[in-house]
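What follows is a short report on a single structure.
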Amino acid sequence: MSPDDKTENEAMRADVAQLDADLACEELARLAKMIDEANTAYHTHDAPLMSDAEFDRLRLRNAAIEARFPDLIRADSPQNKIGASPAEGFGKITHKRRMLSLANAFSDEDVADFVSGVRRFLNLTSEDSLAFTAEPKIDGLSLSLRYERQRLVYAATRGDGVIGEDVTANARTVADIPQHLSDAPDILELRGEIYMSHSDFSALNARQSAIGGKVFANPRNAAAGSLRQLDPEITRARPLRFFAYAWGETSRALALTQTDAIARIKALGFPTNPLFRRCPNLEAMLAAYAGIASHRATLGYDIDGVVYKLDDLALQERLGLRSTTPRWAIAHKFPAELAWTVLDGIDIQVGRTGALSPVARLRPVTVGGVVVSNATLHNEDYISGRDSRGVPIRDGRDIRIGDWVEVYRAGDVIPKIRDVDLTRRPVDAAPFQMLAHCPECGSPAIREAGDSVRRCTGGMSCPAQAVERLKHFVSRSAFDIEGLGAKQVESFWRDGWISTPKDIFTLRARFGPGQPRQLKNREGWGAKSADKLFDAIDEKRRIPLSRVIFALGLRHVGETTAALLASHYGTWDSLRDSLRAARDPESAAFADLIAIDGVGPVMAQSLIAGFDVEAAQIDALAECLEILAPEARASESPVAGKTLVFTGTLERMSRAEAKARAEALGAKVAGSVSAKTDLLIAGPGAGSKAAKAADLGIEVIDEDQWLALIGAA
Ligand code: IVH
């Protein structure tokens, strides 16, 4: 940097120091537009609007303003424009059929379990043959393309599986995606993966670094960043590719098997993966996996595993879906990527449930193309070389600060430590000692019987727990309030503006216009940004039940369970009342809770306890909200909203399948007969349940009548 540049820079910084938030906000908008136009002109039209130095000056000024007003950073900030284009900038599209993800298998045994689970579900005997397909799992991002009367009408990203982003204009720029089809059903939703090849990725990064743009960490990020551009001209300049592998709504069936459907999709003009194979049995599936793995290095694009799907589409239909994954498919992931480095330290983090988690501070090392400097160490047992039952892991080798450790990562998951090299251990390395007190609040940290971690006993008086709970509450899968991220939550919490979730919804009343202390006067805020936040909060007062349940952050209750609970209980009142009634483990409410597919006794206890201990907070929150019942998926079905009990032997399908079908039709399936039961389906050998149902005057039908009732006879 020349002395001239230096003075110019200083002058610029002094100037930025004078700005107030409103002016800064306007200028950031102007800079975003100018830089964006300059960018497009430069690398889409090869017709620069300004010199490189001028371009750099705009970016520097933008960076300086953002550094001073971090809360004003725009979603389309030129600083991270690529790969960070905002979801808000895109229209939303509700998928006609949900876009699913896949369950994972990590070993041959997991795959064998998957196959035998499918057989069991379908009540097959060992003589019945059952074919699957195998194909590479492409490491990109999924896209749904809707064709009506042979024309592409829209393209949407997966989003949360229910609602995705409208990226139609961008998808139209991808050469692999046909805009017109011939001989296709009138309605066809085609799904597949957008990805970038290794060579295109390297070339793109070289161009990006030449123009001072963002350099991507891997082809997946580059593909995502390129597709999710607000300006489709940028997408056009990026070499994106597409493989089709699935479909959503279709007005006519594509075929009877996955294999034939893929052939049909290929005939329609979509790229399909050449390594796709039909596998008549488990051995063939594992052989296909080995074959695909052996091609991995020379494919020229990233894959992270093999996807197996049941070949027969009618059987796929019978197996149906769990909350976010189909029962008829699984992803067999490749083993994780590995590297050795030095463990420089172990920090203890306190999570939202009070768990003390050891985090490894590592000498930075590249693992599979990403620089890793932190990794989870799970818990104190893991560090000492035992599992929670005391069984040795790593042959009992413990991990100490100063050790050489082997780090691995698989997909997007947090890196982990797998092994330790005792031959390189420093002589003075001491065994690790877990803290007996919470490092944040000093409360005793206690490990309960059966728990693998120590937990801070400070509850909501522990600042770490309280603030982590709030951060979780506003996170993307929970309330997802625009402008209220982890950073803002921390700062409001520090100043006592919010201490429980409910407080978020009273921010406007307490710090809005006319109040003695106002948000707009806070450092980094202005009238516009404050108003925007209040509006964004109000927008989230109407919120789906599943999000509220997830947002509560109860132990063991992730997104999937939250969705299951929402569809089971339907309304907030029913959920809350049932969980309170379920405090009695002998109650029908408890039996009903653990009968939900996917809810075990541990999760049930955690839910019940959570609703019990936090009752006041939860009620106060609910009062601020309008909680929306899940869309009545199957409200037209004759069993929607009814409570059913199956008893005796079913002959035409397994119990698991019967239950899954009933739930898919909107029924609740309970384990025992009570006054709430609407219908008992009794097979041969039905005993006391049938007698009790008769006593209670409950309708009893047999399996054939049941199948007729649901239209499956
Ligand atoms: S099938 C009904 N096949 O993996 C299941 N997915 O981890 C729909 N993916 O969301 C997915 N390659 O984005 C399927 N050959 C393949 C795939 C594939 C990549 C992605 C897809 C999905 C994710 C699940």
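Start at 1 and go down the list; that is how both ligands and their atoms are numbered.
If you number the atoms of ligand 1 from 1 as listed, the ones under 4.0 Å from a heavy atom of P326 come out as 2 (C). Under a 4.0 Å criterion applied to the non-hydrogen atoms of R158, ligand 1 contributes the atoms 10 (O), 22 (C).
Looking at K137 and D304, a side-chain N of the basic residue comes within less than 4.0 Å of a carboxylate O on the acidic one, giving a salt bridge. One finds no salt bridge joining D302 and R220 here, because no Lys/Arg side-chain nitrogen approaches an Asp/Glu carboxylate oxygen to under 4.0 Å. With salt bridges taken as basic N to acidic carboxylate O contacts below 4.0 Å, one links K309 and E135. Salt-bridge formation is not detected for the pair R97/E189: no Lys NZ or Arg NE/NH1/NH2 atom is positioned less than 4.0 Å from an Asp or Glu carboxylate oxygen. Salt bridge R547/D160: present, at least one basic N to carboxylate O contact under 4.0 Å.
When the heavy atoms of K333, K137, K309 are ranked by distance to atom 3 (N) of ligand 1, first place goes to K309.
With a 4.0 Å cut-off on non-hydrogen atoms, F276 does not touch ligand 1 at all. Contact annotation: for L102 versus ligand 1, heavy atoms closer than 4.0 Å belong to both the backbone and the side chain.
In terms of polar-atom proximity, defined here as any N/O pair under 3.5 Å, P136 does make such a contact with ligand 1. Any N or O atom pair closer than 3.5 Å counts here, and S101 shares no such pair with ligand 1.
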